[in-house]
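A, B, ... follow the sequence lines: proteins, then strands. Residue 1 opens every chain. Note that these values count all heavy atoms, side chains included, but never hydrogens, waters or copies made by symmetry.
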There are 2 protein chains.
Amino acid sequence: MVKAADRAKNPAGSSVWLEQRAPRSGGGPAGLDRDRIVAASVRMLDRDGLGGFSMRRLAAELGVTAMSLYWYVDTKDDIIEYAIDTVYREIDLDAVDAGADWRERIRTLALDYRRMLVRHPWMSPCAGQYLNIGPCAIAVGSRIQEAIRGTGLPLSGQPGAMSAVFQFVYGYGTIESQFERRAAEAGMSQDDFYTGSVAAFRDDPQFREALEPMTDILDERASHGSVTDIWERDFAYALDILVAGIEAMVARESAGT
Amino acid sequence: MVKAADRAKNPAGSSVWLEQRAPRSGGGPAGLDRDRIVAASVRMLDRDGLGGFSMRRLAAELGVTAMSLYWYVDTKDDIIEYAIDTVYREIDLDAVDAGADWRERIRTLALDYRRMLVRHPWMSPCAGQYLNIGPCAIAVGSRIQEAIRGTGLPLSGQPGAMSAVFQFVYGYGTIESQFERRAAEAGMSQDDFYTGSVAAFRDDPQFREALEPMTDILDERASHGSVTDIWERDFAYALDILVAGIEAMVARESAGT
DNA sequence: GAGACTCCTTATACGGTGTACGAGGCGCGG
DNA sequence: CCGCGCCTCGTACACCGTATAAGGAGTCTC
């Protein structure tokens with residue numbers, strides 16, 4: 001095993017996935033196991049959030065002391081990297097492959113990716129800080145790249161298109177999951193939380209002015225059903241924009257500009 | 001002042017910007033001041049990152065003990081929320097207003113927003129976790145909303161368009177700033193760091209397979225100058241896609257679909 | 001059966017964190 | 001001079017990640 005202190009010496013590629021070691025099997029009395037540890041971590045992260053996730057608490061949940069975990073894992077960050085890669089597996093790549101054309105494949109991927117981020121609100125803050133080069137993350141990345149390749153955009157445009165679509169999904173999933181988390185922490189439904197927040201803002205003189213020019217948008221949204229419906233609708237519309245934009249760029253390129 | 005423990009009781013809107021208190025002026029011997037604290041925090045966050053930012057270290061830099069800070073501020077999170085709003089001020093809204101049409105205004109806003117995220121790599125991880133309803137953040141938000149309104153999209157589509165553009169910018173700025181941070185931590189130029197990473201991946205049998213189908217893209221990128229140029233180019237292309245997409249949706253709506 | 005060796009778990013300890021609490025010191029109005 | 005507000009500090013608590021070393025259980029060897 002590698003001491004955490006030594007890991008920092010290789011900052012360029014500090015990641016579990018580089019310098020990989022064979023997992024240690026769970027022959028011990030506690031029946032521990034890297035997979036069991038990671039699975040418990042995901043459960044705990046989902047339940048308690050990133051702030052409520054500590055080595056001691058995780059160990060307690062597994063009926064063991066904190067230091068036992070270090071037999072299977074070098075650092076807490078490694079566990080998080082494993083957890084990240086685990087949840088990437090939730091994206092159903094077979095369903096993506098079944099898509100008829102690049103439009104459908106991109107939509108399926110985007111929706112699945114977004115759902116994954118919302119299911120695991122700790123993901124987006126973490127994902128930004130690690131390399132995300134585990135096998136599952138890479139499999140998803142390859143599929144994204146293939147889908148973009150299918151658009152017919154020139155090579156020089158494909159990275160930009162990939163960013164436009166999937167950085168958007170990342171950002172959207174981040175906002176949505178944080179909203180859901182806040183509502184849950186307040187013990188409210190998303191609808192109650194939303195209408196409560198809007199009302200609170202409207203009453204606060206400090207925010208009334210800023211809110212006023214968007215009254216029409218707020219009204220339109222309020223008349224359009226539940227908050228979760230609105231999340232779906234806005235996301236779908238954004239994807240429509242992106243698909244239309246890619247189509248327009250493809251047309252522009254083939255027009256010889 | 002409000003004890004940190006009590007703050008948690010209002011999880012719905014836990015933010016400095018709700019329940020606001022007048023800033024305490026710096027009449028004390030240390031010449032302290034909320035503004036001075038926040039300015040020092042931004043400096044420290046830029047230099048040492050989020051992980052290197054602690055109350056004790058911040059206090060030391062101000063020539064004071066940690067507990068002194070709590071006279072001006074309730075919690076560490078409050079400082080971060082103030083810091084976030086401070087850097088939003090770097091987005092030049094006057095330059096946005098000078099834009100000729102919505103295309104230019106959106107482009108200016110997006111570029112400024114991205115630059116701000118890259119200048120302050122701690123921003124993106126933080127921004128996702130707070131409400132960002134400080135005065136400067138709200139001013140930027142209003143300007144974004146105005147710009148989107150200028151596209152001529154129907155009300156129902158404007159939130160989606162706003163997400164498509166600015167969640168993308170957020171995601172892109174996140175990735176870019178993390179890359180820059182990693183390169184800096186490794187003590188390399190971005191170019192050296194990039195080519196080194198690609199080479200390392202190509203040599204590692206575990207990644208060779210995943211990298212192989214994107215050889216053409218990597219070659220195209222390698223032939224296209226420095227990494228920073230590529231960041232610019234991809235970002236610009238993605239913005240082109242978004243603008244083209246919005247135009248297409250406007251045309252589609254006015255065609256009466 | 002005794003010893004050694006490997007695998008796993010543990011106890012203890014270090015240096016850090018955010019921050020609650022209470023004791024001061026300093027300047028000012030009475 | 002006294003008290004009172006403002007501001008700073010010392011101390012302490014609970015918690016964190018993890019380095020280090022010791023301990024226990026099983027198995028293999030002689």
Spacing between [X] atom [atom1] and [N] atom [atom2], to the nearest angstrom:
{"X": "B:Asp48", "N": "C:dG16", "atom1": "CG", "atom2": "P", "result": "15 Å"}
{"X": "B:Leu62", "N": "D:dC9", "atom1": "CG", "atom2": "P", "result": "11 Å"}
{"X": "B:Tyr70", "N": "C:dT19", "atom1": "OH", "atom2": "P", "result": "4 Å"}
{"X": "A:Arg21", "N": "C:dC7", "atom1": "CZ", "atom2": "P", "result": "16 Å"}
{"X": "B:Leu69", "N": "D:dG10", "atom1": "CG", "atom2": "P", "result": "14 Å"}
{"X": "A:Leu58", "N": "D:dC15", "atom1": "CG", "atom2": "C1'", "result": "16 Å"}
{"X": "A:Ile80", "N": "D:dG17", "atom1": "CD1", "atom2": "P", "result": "9 Å"}
{"X": "B:Leu50", "N": "C:dT17", "atom1": "CG", "atom2": "C1'", "result": "13 Å"}

**Study point:** Residues in side-chain contact (heavy atoms from CB on, under 4.5 Å) contact with B:Tyr72, at least two apart in sequence or another chain
**Key:**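 Checked B:Tyr72 against side-chain contact (heavy atoms from CB on, under 4.5 Å); matches are B:Arg24, B:Leu32, B:Ile37.
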Exercise for review: Using the test ring-ring contact (aromatic ring centres under 6.0 Å, His included), find all partners of A:Phe235 that sit at least two apart in sequence or belong to another chain.
Suggested key: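 In terms of ring-ring contact (aromatic ring centres under 6.0 Å, His included), with neighbours along the sequence ignored, A:Phe235 is linked to A:Phe168, A:Tyr172.
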Exercise for review: Can you label the angle between the A:Phe193 ring and the A:Phe179 ring as parallel, tilted or perpendicular, going by 30° and 60°?
Suggested key: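 It falls in the perpendicular class, over 60°.
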Practice item. Looking at every strand, decide which applies to B:Thr65 at a 4.0 Å heavy-atom threshold: base, sugar-phosphate, or nothing. Key: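 Since a base atom lies under 4.0 Å of B:Thr65, the category is base.
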Point to revise | Residues B:Arg115 and B:Asp92 bridged, charged N to O under 4.0 Å | key: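 So B:Arg115 does not pair with B:Asp92 through a salt bridge.
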Nearest to the side chain of [X], heavy atoms from C-beta on, is which of [options]?
{"X": "B:Arg57", "options": "C:dT19, C:dT17, C:dT10", "result": "C:dT17"}
{"X": "A:Ser68", "options": "C:dT9, D:dC16, D:dA12", "result": "C:dT9"}
{"X": "B:Lys76", "options": "D:dG17, C:dT19, D:dC9", "result": "C:dT19"}
{"X": "A:Met67", "options": "D:dC16, D:dC9, D:dT18", "result": "D:dT18"}

Check your understanding: Which pairs with one or both residues in residues 16-60 of chain A pass ring-ring contact (aromatic ring centres under 6.0 Å, His included), sequence neighbours excluded?
Key ->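 Residue pairs passing ring-ring contact (aromatic ring centres under 6.0 Å, His included), neighbours aside: A:Trp17-A:Tyr82.
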N/O-N/O pairs, protein side and nucleotides 4-7 of chain D side, under 3.5 Å:
{"residue": "D:dC7", "atom": "OP1", "partner": "B:Ser25", "partner atom": "O", "Å": "2.9"}
{"residue": "D:dC7", "atom": "OP1", "partner": "B:Gly27", "partner atom": "N", "Å": "3.3"}
{"residue": "D:dC7", "atom": "OP2", "partner": "B:Trp71", "partner atom": "NE1", "Å": "3.0"}

Check your understanding: Taking only residues two or more places apart in sequence or in another chain, which ones pass side chain to side chain donor-acceptor pair (under 3.5 Å) with B:Ser177?
Key ->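 Testing B:Ser177 for side chain to side chain donor-acceptor pair (under 3.5 Å), a comparison that skips the adjacent residues, returns none.
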**Study point:** Set of side chain to side chain donor-acceptor pair (under 3.5 Å) partners for A:Arg119, sequence neighbours left out
**Key:**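 So A:Arg119 forms a side chain to side chain donor-acceptor pair (under 3.5 Å) with A:Glu90.
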Exercise for review: Ignoring hydrogens and angles, answer whether the base of D:dG17 and the side-chain atoms of A:Arg56 contain a donor-acceptor pair closer than 3.5 Å.
Suggested key: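 In this structure, the two groups form a donor-acceptor pair.
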